Amino acid sequence: MFRLELGFKDGSGSKKTMSVSDVKENLTQSDAQALGEAIAASRVFKGKNGVLEEFVKAQLVETKRTVLFGE
């Protein structure tokens, strides 16, 4: 399972991370960048000190689950 983590800053420089679950594993840098920039441009989401204005990072996180007991 893959999760995309997007990092943003608000107007005062406070950082905020958003996660999107169940993304495709072959997500490209340009896909992630386009999404992050669109979110920042929308000015819909808030950070600690105002709206998220600047997209600063993206990372793809892979989670592996191992069942030890049961289904």
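Residues: numbered from 1 along the sequence shown. Everything quoted here is computed from the prediction, not taken from an experiment.
By the rule that hydrophobic residues join a cluster once side-chain heavy atoms approach within less than 4.5 Å of another member, Phe8 and Phe45 end up as members of one cluster. Residue Met1 is not grouped with residue Val23 when hydrophobic side chains (ILVMFWY) are merged at heavy-atom distances under 4.5 angstrom, including chains of intermediate members.
In this structure, Glu62 and Glu25 have side chains that are not in contact, with every pair of non-hydrogen atoms separated by 4.5 Å or more.
For the residue pair Ser14 and Asn49, the shortest heavy atom distance occurs at OG-ND2, 2.9 Å.
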Does Lys16 form a side-chain contact (heavy atoms from CB on, under 4.5 Å) with Asp10? I'd like the steps, not just the answer. CA-CA 8 Å; Lys16 179 78 171 178; Asp10 62 24; over 6 Å; no
Taking distance alone, no hydrogens or angles, what donor-acceptor pairs closer than 3.5 Å link side-chain atoms of residues 51-59 to residues at least two apart or in another chain?
{"residue": "Glu53", "atom": "OE2", "partner": "Arg43", "partner atom": "NH1", "Å": "3.4"}
{"residue": "Gln59", "atom": "NE2", "partner": "Glu5", "partner atom": "OE1", "Å": "2.7"}

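We find the CG-CG distance between Asp31 and Leu4 to be 9.5 Å, quoted to the nearest 0.5 Å.
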